[in-house]
Structures are given as structure tokens and as C-alpha cells.
Asks: 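Okay, here's the structure, questions in a sec.
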Amino acid sequence: METTGRSYSRHMEDEYQKFIRRMNPPRVVIDNESCKNATIIQVDSANKHGILLEVVQVLTDLNFIVTKAYISSDGGWFMDVFNVTDPEGNKITDEEILDYIRKVLGSETSFTTVGLTSSTDRTVIELIGTDRPGLLSEVCAVLTHLKCNVLNAEVWTHNTRAAFIVQVTDDESGLAVTDSDRLSTIKQMLCNVLKGSNKAREAKTVVSHGAIHTERRLHQMMLEDRDYERNNSDDLADTQRPDVNVVNWYDKDCSVVTVRCKDRPKLLFDTVCTLTDLEYVVFHGHVDAEGPNAYQEYCIRHIDGSPVKSEAERQRVIQCIEAAIERRVSEGLKLELCTTDRIGLLSDVTRIFRENSLQVMRAEVATRGGKAVNTFYVRDASGYPVDFKIIDSIRKEIGQTILKVKVNPQDSNRSPQESPTRFLFGGLFKSKSFCNFSIIRSYS
């Protein structure tokens, strides 16, 4: 009876929140006149837990850069102001985009539909395990062997852990894989790959067909896997870590979180996502990211209304925010591939990386209109910067290029030999090295 009572209470609370939202629909004001360098977006709405993340998620999915933000959601009302630009630093002036923002952020239901990936026509595979050189190559080889075509994928690595979200279809029908026996085989073989020879930590494989927001789900997977826990092999210097601090403001019965670090795209999303998943409410906040560095300040309480209660809790908040920021740091050399998609392409490309001792630290794989649009961040498997003699040997092996080598902004101080901008990997499909690849045996 007690459980039934709690369920009824939660249901009534949800219905009340929906009623309040219908009576007070969100109001969105877009101002392109008041600020010289940015478009100002103001959102006023009835308050609820997670609404800040929903708004930030919409802006992030539109690839907006947030240069300033003012957050206020104390009590029953939510009001946020964001100064945003496009990735090139320009104001948002396209009327179609502005109308889209008004429509989505002014919705009476939920903002979160923007970045969700509907997966009724594809199968979503979630993987998490211990990272090692060649892991992505092995995962892709197994999927190709099992006649799964990779449509989209995102891979993050952090603190010896690797998390994958991969969307696949059957390579014959082009539809989602639904046969239960086949799904069980896929899950088991991928789990064997993730386990490898390291039994110290559990490897997890989940297959689903529900709608997901990939980047938020990756944060949740790594948080659940406790990737924020430091180990003795963690070689990141303290001077490179984000400066995160948490102090209690006793007069206001809240805790204040401050973050100082190098600015980068999606930084605000990463910190707000983590605070939300840790079940904290941001009721006041300020963000300034107009220069190369970012400063974020949040007044938070736990959803039960309490501030941070102990030193252990304080350290956990700090470590989790540090990890959230570090997961997306672009380590290594950035490679961008854009070419006609085909079944097995990802397996072939990552196999060549592996055979030439390149380890993929992060990857974004997408298929758009029959084109494969892939981004890889790679480094030498031994941990050193990429040796461009190896890159040259890859070029000789597979021909001329359709893969661009991009300079990361944080690498701008390196010598030209360390970060040139040039084309690689030409004649990708003409090279004999792309024919008759044998399946990797380590999953058996």
C-alpha cells in the first residue's frame, strides 16, 4: 500500500506540473539588437527539475556557442538568459533557425525532443569497458562479421574507461535488428571483446530500440561506471585539470560550485548535465566564456533541498564535474573523413589505424545522405604524439586521401611538424589493402 501511495503521489505531482505548465507556457524572447557580438535568448517558464538541462541541451544540439549565461530558477519560476553565437562567432540571424528556437523552447510539453535519436528503424548498442589500443577496431570488426551496418556512433575514453553508443541496422534489410537470438549473439560477442584479458572491471553491453540523447547517455554511462575515480596510472598533470571548487554558503543554505578551465564547445552542457544527473538543482548561476577561458558559478541544492553535507560529498561533486569536462577534451590528432558510405567502412578504417599503432581516443561517426562523415581523435598507442612518418606510411599503403588532418586549437603552439594541415588517405576504395579483410580473432 505504501508503494502504491508513493506512485499515486508522484503521478499527482507530475499532473500538477503539467497543469502549471499549460497555464504558464514558456515565453521565449530573442534579441539581436542589445548585444554587439551575440544573440540574446531569454526563456521564462514554470520551474521543474531538469529544465535548465533541457534548455541548454537544445542550444547545444543547434551547435550554438554560449558566451554568457544568467540562471535563476529559485521558487516556482525559471528564467534564463543566454548570449549565443554560431560556431564562427556570428550572431544567429537566420529567421528559420530563430523561428525553430521559439517553437521548441516555447513548447508547452518538453524541450528534450530536439536532440533525441529515434531508433525504431535501428538498433542502439551501448558498450562500456576498459580502454585499450585497437578496441574500436575490434568492436567494428565484430559488427561487420555479424552483418551489422554502423549508421552512427560516438566513442568517449576517459581514465582507462571506454564508452560506446553505436546505432546499427541489418546490412541486408537496412532495418533494425530485432531477432532475439541474433541480438543475444551480438551482445555476447561484443561483451567478450570488451572484457579482453582484463577481468578487473566489469564490461557491459546493452541493446535497445528506444529514443536516446547520445551525449547525455554517454555522460550517464561513464558516471555510473565511476570513471571519475582517479587511479595511480592517471598521468594528467594537476595544472591541466579544470579548477573546480565547492563551498557551502550557510547564510543561503546552499552550496556554490565554481569552475575555471579552458573554454570549448558544449562545456556548459557537460557541467549542467552532470549536476542534473547527480540530482542537484541549480537555482542561480552565472557563466562567462567570452575569452579563451571559461568561468562558471552555480548555487546548488540537492533535490531534497539540502546543500552539500559532507567532505566526501564535496569531493565527489568536484571529481564528477572534472571528469565530465575531461571526457570531451580533444586529445590527439584530429582526423576528419568524408566519403561515400559503404558496409564495413568503419571496420576497414579503424583496422588500418590499429595496424599502424594509432589509438582512437574519441570518435564521432555519422551517415548523412549516403555519406560517411567521421571524426577521429587519435594518438600513438604508446601515448606519445603521433609520428607523422607513420601517417606517411599509411598514405603510401592506401593511396591518396579523403581524410583531412585538422589542427586542434589547443595544439596551435606546437611546431608545424607536430600539427600540419593537409590531406591524407586518398583513393580509399582503390587500394588493395581494403579488400578481403579478415575478422579479428580476439572476440572468440
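Values in this document were obtained by computation on a predicted structure and should not be read as measured data.
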Asks: Looking only at heavy atoms, which two atoms of E326 and P242 are closest? And how far apart?
Replies: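 Closest approach of E326 to P242: OE2-CD, 3.6 Å.
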Asks: So for atom NZ, which belongs to K147, do other residues, nucleotides or ligands contribute more than 12 heavy atoms lying within a distance under 6.0 Å?
Replies: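 No - once you tally the heavy atoms of other residues, nucleotides and ligands closer than 6.0 Å, there are 12 at most.
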Asks: Mind listing the closest non-hydrogen atom pair of S255 and V308 along with its distance?
Replies: OG-N, 2.8 Å
Asks: Under 4.5 Å between any side-chain heavy atoms of T67 and V84, yes or no?
Replies: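 The answer is no; the side chains never approach within 4.5 Å.
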Asks: Assign the ring pair F376 / F353 to parallel, tilted or perpendicular, where the plane angle (0 to 90°) is split at 30° and 60°.
Replies: perpendicular
Asks: Does a side-chain N-to-carboxylate-O contact under 4.0 Å join D61 and K266?
Replies: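 Looking at D61 and K266, the cut-off is not met.
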Asks: Any donor and acceptor pair, going by atom type alone, linking the side chain of T350 with main-chain N or O of S347 inside 3.5 Å?
Replies: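 Checking the backbone N and O of S347 against the side chain of T350, a donor-acceptor pair under 3.5 Å is found.
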Asks: Indicate yes or no for a side-chain donor-acceptor contact from R264 to the backbone of I325 under 3.5 Å, with no hydrogens or angles considered.
Replies: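 Judged by distance alone, yes, a pair lies under 3.5 Å.
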Asks: Is it true that R342 and D171 make a salt bridge, defined as a side-chain N closer than 4.0 Å to a carboxylate O?
Replies: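 D171 and R342: not salt-bridged.
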Asks: Any side-chain heavy atom of R362 sitting closer than 4.5 Å to one from R327?
Replies: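 R362 does not reach R327 side chain to side chain.
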Asks: Before we go on, tell me: are the rings of Y280 and H49 under 6.0 Å apart, centre to centre?
Replies: no
Asks: Using the rule given for side chain to side chain contact (heavy atoms under 4.5 Å, CB included), can you reason through Y377 versus L335, listing the C-alpha separation, both sets of side-chain angles and the distance that settles it, and then say yes or no?
Replies: CA-CA 6 Å; Y377 294 87; L335 306 177; over 6 Å; no
Asks: Cut-off 3.5 Å, side chains only: do R122 and Q167 have a donor facing an acceptor?
Replies: yes
Asks: Within the distance-only criterion (no hydrogens, no angle test), does the side chain of N159 pair as donor or acceptor with the backbone N or O of A323 below 3.5 angstrom?
Replies: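 It does not hold such a pair.
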Asks: Does T85 reach the side chain of N37, with side-chain heavy atoms less than 4.5 Å apart?
Replies: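 No, every pair of side-chain atoms sits at 4.5 Å or beyond.
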Asks: Where do C273 and R216 come nearest, in terms of heavy atoms and distance?
Replies: SG-CG, 3.7 Å
Asks: Between atom SG of C148 and atom CZ of R182, what is the distance when rounded to the nearest 0.5 Å?
Replies: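 The SG atom of C148 sits 5.0 Å away from the CZ atom of R182.
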Asks: Quick one: do E224 and R226 make a salt bridge, cutoff under 4.0 Å?
Replies: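 No, E224 and R226 are not salt-bridged.
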Asks: Is D348 salt-bridged to R351, cutoff N-O under 4.0 Å?
Replies: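 Salt bridge between D348 and R351, a charged N being under 4.0 Å from a carboxylate O: no.
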Asks: So, does T39 use its side chain to make a donor-acceptor pair with the main chain of I92 at under 3.5 Å?
Replies: yes
Asks: Hey, could you give me the CG/NZ distance between N356 and K389, rounded to the nearest 0.5 Å?
Replies: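 Separation between the atoms: 15.0 Å.
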Asks: I would like to know whether M189 and T185 meet side chain to side chain contact (heavy atoms under 4.5 Å, CB included); could you show each step before the answer?
Replies: CA-CA 6 Å; M189 293 180 76; T185 299; 3.7 Å; yes
Asks: Which pair of non-hydrogen atoms, one from P87 and one from I65, has the smallest distance, and what is that distance?
Replies: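 Nearest pair, atom of P87 first, then I65: CA-CG1, 3.9 Å.
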Asks: Please give me the minimum heavy-atom distance between T169 and V177, naming the atom from each residue.
Replies: C-CG2, 4.2 Å
Asks: Side chains of Y228 and L223: closer than 4.5 Å at any heavy-atom pair?
Replies: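 Yes, close enough: below the 4.5 Å cut-off.
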Asks: Identify whether the distance between the nearest side-chain nitrogen and carboxylate oxygen of E311 and R314 falls below 4.0 Å.
Replies: yes
Asks: May I ask you to check whether Q296 and D288 show a side-chain donor-acceptor distance below 3.5 Å?
Replies: no
Asks: To the closest 0.5 Å, what do you measure between CG (N192) and NZ (K187)?
Replies: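 Answer for the CG-NZ pair, N192 versus K187, is 12.5 Å.
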Asks: With the threshold set at 4.0 Å, does a side-chain nitrogen-carboxylate oxygen contact exist between R328 and E215?
Replies: yes
Asks: Go through the steps to decide whether V360 and V155 satisfy the test side chain to side chain contact (heavy atoms under 4.5 Å, CB included), and finish with yes or no.
Replies: CA-CA 9 Å; V360 177; V155 181; 5.6 Å; no
Asks: Is the side chain of T157 donor-acceptor paired with the backbone N or O of M361 at a distance under 3.5 Å, no angle test?
Replies: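 Yes, the answer is positive, given that a donor and an acceptor are paired below the 3.5 Å cut-off.
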Asks: Sub-3.5 Å donor-acceptor pair from the side chain of T60 to the main-chain atoms of V56, do we have one?
Replies: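 Side chain of T60 to backbone of V56: a pair is present.
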Asks: Could E138 and R132 be called an ion pair, given the rule that one side-chain N must be under 4.0 Å from one carboxylate O?
Replies: yes
Asks: Could you tell me whether the side chain of Q188 and the main chain of S184 form a donor-acceptor pair under 3.5 Å?
Replies: no
Asks: When you compare the side chain of V281 with that of I300, does any pair of heavy atoms fall below 4.5 Å?
Replies: no
Asks: Are the side chains of V193 and L135 in touch, meaning some heavy atoms are under 4.5 Å apart?
Replies: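 They are in contact (side-chain heavy atoms under 4.5 Å apart), so the answer is yes.
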Asks: Do T205 and E126 have side-chain N/O donor and acceptor atoms under 3.5 Å apart?
Replies: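 Looking only at side-chain atoms, E126 and T205 do not form any donor-acceptor pair under 3.5 Å.
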Asks: Enter the distance from C261:SG to L267:CG here, rounded to the nearest 0.5 Å.
Replies: 4.5 Å
Asks: For the side chain of T274 and the backbone of D270, is there at least one donor-acceptor N/O pair under 3.5 Å apart?
Replies: yes
Asks: Could you report the tightest heavy-atom contact between L268 and T271, atom names first, then the distance?
Replies: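 Nearest heavy atoms, L268 then T271: O-OG1, 3.0 Å.
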Asks: Please assess L59 against F269 for the test side chain to side chain contact (heavy atoms under 4.5 Å, CB included), listing each intermediate value before the final yes or no.
Replies: CA-CA 9 Å; L59 301 178; F269 171 81; over 6 Å; no
Asks: Assess the pair Y70 and H286: is the distance between their ring centroids shorter than 6.0 Å?
Replies: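 Ring-ring flag for Y70/H286: true, centres closer than 6.0 Å.
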Asks: Heavy-atom distance under 4.5 Å between the side chains of V142 and L146, does that happen here?
Replies: yes
Asks: Just verifying a value: how many Å separate L151 CG and T123 OG1, rounded to the nearest 0.5 Å?
Replies: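 It comes to 9.5 Å.
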Asks: Should D227 and R161 count as an ion pair when the cut-off is N to O under 4.0 Å?
Replies: no
Asks: Any donor-acceptor pair under 3.5 Å linking the side chain of N47 with the backbone of S73?
Replies: yes
Asks: So D131 and Q359, side-chain hydrogen bond (donor to acceptor under 3.5 Å, both in side chains) or not? Walk me through it.
Replies: CA-CA 10 Å; D131 188 28; Q359 182 175 2; 3.1 Å; yes
Asks: To the nearest 0.5 angstrom, please state how far the SG atom of C320 sits from the NE2 atom of H219.
Replies: 11.5 Å
Asks: Taking the side chain as every heavy atom from C-beta outward, state whether V244 and T258 have any atom pair closer than 4.5 Å.
Replies: no
